[in-house]
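Just so you know, ligand 1 is whichever comes first in the structure, and atom 1 is the first atom listed for that ligand.
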Amino acid sequence: MKLYEEPPAVISSDAHPAHKLKLQVTTDGPPFRCDGCKEPGGGKERRYSCDAGCDFDLHTTCALASPTLKHPLFGGDVEFELLPSAPPPVDATYCDACGDRARGLVYHCFDRDLDLHPCCAALRMESVVHGGHLLKLCGEAELRCVVCGEKQGRRQSSSSSKRFWAYRWCYDGVTGYLHVACMKKIAVMSWEQDYKDGVGGGVVEASVTIMEGMLRRRSPTGNAGSGSGVELGIRGLENITKIVEVVSAVSSS
Ligand SMILES: [Zn+2]
Ligand SMILES: [Zn+2]
Ligand SMILES: [Zn+2]
Ligand SMILES: [Zn+2]
């Protein structure tokens, strides 16, 4: 995939042919939903918006997605095609990276029936955080994920388990895994928190409650849960902050 170091200031897109789309560099607005892939985006994230004032936004990754894609985690013989929406049956299309539904713009492989959100396809294979600690994108978690405590990921609204992508890192001699799906959930929470810090909002308080509940379950002093995440490094809010830093390191475009 071509890397756009400096995205063009104005583009035309088949997704919104009526008007030009303009790159928004600084927006401190609420998190948005991309009108391409239908996935969320951060309020401070660069995006393309309709220059004529329509309520139309695209992730930069979706606006600039190449028409075809090969991904290192699937090998060189697997080719994906960018489609404006998921192929039928539409309500049964799930991203093979994160397990969430693919509701819009999607990379599809007809030979292998694989699907990837453009944002998942664009995740960095490697990223360096915390003074040289290396994060690597893997096809599956070999240990329990630090957030959900499970090895396998789950498809959204499904009881069937399947292996989904995760980031692996080594921190203080301990190897940790974080599902891409769990990373996305934390990213949305942190975007909402950012927005709340500036403006306020009810949805955000709900997310904070969820996060606090998650920490209690994973804490050795908590009174519920198995504590399976504890040895993997979740020991408090400090670690969540690290994860949020990890998330922004791998997802910022
Ligand atoms: Zn998008
Ligand atoms: Zn428009
Ligand atoms: Zn995905
Ligand atoms: Zn997880």
Only one of Leu83, Leu114, Leu116 forms a side-chain contact (heavy atoms from CB on, under 4.5 Å) with Tyr107, so which one is it?
Leu116
Compute whether any side-chain donor of one residue and acceptor of the other, for Thr93 and Asp115, lie under 3.5 angstrom apart.
no
Tell me, please, which residues at least two apart from Lys20 pass salt bridge (Lys or Arg N to Asp or Glu O under 4.0 Å).
none
State, to the nearest 10 degrees, the angle whose vertex is the Zn ion (ligand 2) and whose arms point to NE2 of His16 and SG of Cys54.
120°
When the ring centroid of Phe56 is compared with that of His19, is the distance short of 6.0 Å?
no
Minimum-distance N/O/S atom that His19 presents toward the Zn ion (ligand 2)
ND1
Salt-bridge present (Lys184, Glu39; N to O < 4.0 Å)
yes
Is the distance from the Zn ion (ligand 1) to some N, O or S atom of Cys119 under 2.8 Å?
no
Quick check for you: with the Zn ion (ligand 4) as the vertex, what angle do SG of Cys148 and SG of Cys182 span, to 10°?
110°
With rounding to 10 degrees, Cys62 SG, the Zn ion (ligand 1) and Cys37 SG define an angle of 110°
Hey, do the aromatic rings of His108 and Phe110 have their centres closer than 6.0 Å?
yes
Could you tell me the angle subtended at the Zn ion (ligand 1) by SG of Cys34 and ND1 of His59, rounded to 10°?
100°
His117 near the Zn ion (ligand 1) via N/O/S, less than 2.8 Å
no
Quick check: of its N, O or S atoms, which one does His179 have closest to the Zn ion (ligand 4)?
ND1
